[in-house]
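Being a predicted model, the structure only gives us computed values, none of them experimental.
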Amino acid sequence: MRTFSLFFILALFLGVCSCSDSDSYNADTAKSSYQPNIVEKSRMVASVKTTNTLDGRNYSWEHKFAYDVQGRIKEINSQMLHHQRVYDKINDIDHWYECHITSKANYYFKGKKLEVDYAVEKVYPEAPERNHTDSGSNYGHFNEAGVLEEFASIDFVYSATSLQRAYVDGGTFYEFVRSRGDVTGFVKYFEPADSLIKDRSNEYTYAVRKNITNFDFSAYFGYWEIEQNIIANRSPYYASYQLGAFGFLGAVSVNLPLGQKMYDGNGKPQLDSNGVHSYGYGEWKYDSAGRPAEFTDATGRKTVVTYVE
């Protein structure tokens, strides 16, 4: 009798799970006040893969995108290669452990509400005791203009659809700086005293070439920083999902990013011969259709772009 009861409870639990909102959700017919940046199908980004080499160690971040029939992002599948530093106090040496990260995120549009579910698995081939998984859900709410007025622990303030400020739980807020429609950086403060934490207001420059895709590379590269305040998105390239890159945070940058201020290994500004903080510039390559296909930034980090067939 006890065995039967346990079986019945398990079956009931599985039955309840199978009838969740996510299981009954239909991405193609779901209504939302959010409207994606509509472009020709051939200009919708299918994937971005960024690679870099630091101190002889290779890093990579590959994100593959899937869309619903309305052109909204519905799923991101990611494969990333990372190296984690662990300091050995006894022997006074650093150990570097290779880490393989698999991530999946699903977007659910429910009128003025947005739900993003994510799951992340980290595998350390040389140190399996460090393996772990993480999953969760974040929720947001769109305003009448179809941009997020709140998401997770962040509140957003706009002028029309241009993001002006973002308030983060814990007492910090961001002000965003634009030039000719492009996000050139931000200033971060601690409230309520409005004391300056970080000034990155003129950190980035842009090419004169328009971004003809549905994807904002400046947000993906982390120029806005605000998304890194979400637990699942602690670093732009390691982010489980994207918001600014798909227009959830309002107006995207008009042109393709090109340059950035340079810093040395200790984080100090690199100065030119006149004592001015210097910029380093990257290079874009384009495919036969004129679409941005590859970008190598001033640090040598490379991003390759593919498109929906």
Residue [X] excluded, over 12 heavy atoms near [atom1] under 6.0 Å:
{"X": "Lys64", "atom1": "NZ", "result": "no"}
{"X": "Lys49", "atom1": "NZ", "result": "no"}
{"X": "Ile231", "atom1": "CD1", "result": "no"}

For Pro128 and Glu126 the tightest heavy-atom approach is CD-C, 3.7 Å

Is the shortest heavy-atom distance from the side chain of Tyr223 to the side chain of Thr184 under 4.5 Å? no

Interatomic distance, Gln70 atom CD to Ile38 atom CD1 [nearest 0.5 angstrom]: 8.5 Å

Could you grab the distance from atom CE of Met262 to atom OG1 of Thr299, nearest 0.5 Å is fine? 6.5 Å

Are [X] and [Y] in a cation-pi contact, defined as NZ or CZ under 6.0 Å from the six-membered ring centre and within 45° of the axis?
{"X": "Arg200", "Y": "Phe186", "answer": "no"}
{"X": "Arg57", "Y": "Trp96", "answer": "yes"}
{"X": "Arg165", "Y": "Tyr158", "answer": "no"}
{"X": "Arg291", "Y": "Tyr307", "answer": "yes"}
{"X": "Arg72", "Y": "Phe109", "answer": "yes"}

Do Phe248 and Tyr25 share a hydrophobic cluster, counting only Ile, Leu, Val, Met, Phe, Trp and Tyr and linking them when any side-chain heavy atoms are less than 4.5 Å apart? yes

Is the ring centre of Tyr263 less than 6.0 Å from the ring centre of His277? yes

Under 6.0 Å between the ring centres of His83 and Tyr97? no

Going by atom types only, do Thr306 and Ser47 share a side-chain donor-acceptor pair under 3.5 Å? yes

Donor-acceptor pairs under 3.5 angstrom involving side-chain atoms of residues 214-221: please list them, not counting sequence neighbours.
unit_1: Asn214; atom_1: OD1; unit_2: Val45; atom_2: N; d: 2.9
unit_1: Asn214; atom_1: ND2; unit_2: Tyr67; atom_2: OH; d: 3.2
unit_1: Asp216; atom_1: OD1; unit_2: Ser218; atom_2: N; d: 2.8
unit_1: Asp216; atom_1: OD1; unit_2: Ser218; atom_2: OG; d: 2.6
unit_1: Asp216; atom_1: OD1; unit_2: Ala219; atom_2: N; d: 3.4
unit_1: Asp216; atom_1: OD2; unit_2: Ser218; atom_2: OG; d: 3.4
unit_1: Asp216; atom_1: OD2; unit_2: Ser253; atom_2: N; d: 2.7
unit_1: Ser218; atom_1: OG; unit_2: Trp224; atom_2: NE1; d: 3.2
unit_1: Ser218; atom_1: OG; unit_2: Ser253; atom_2: OG; d: 2.9
unit_1: Tyr220; atom_1: OH; unit_2: Thr50; atom_2: OG1; d: 2.7

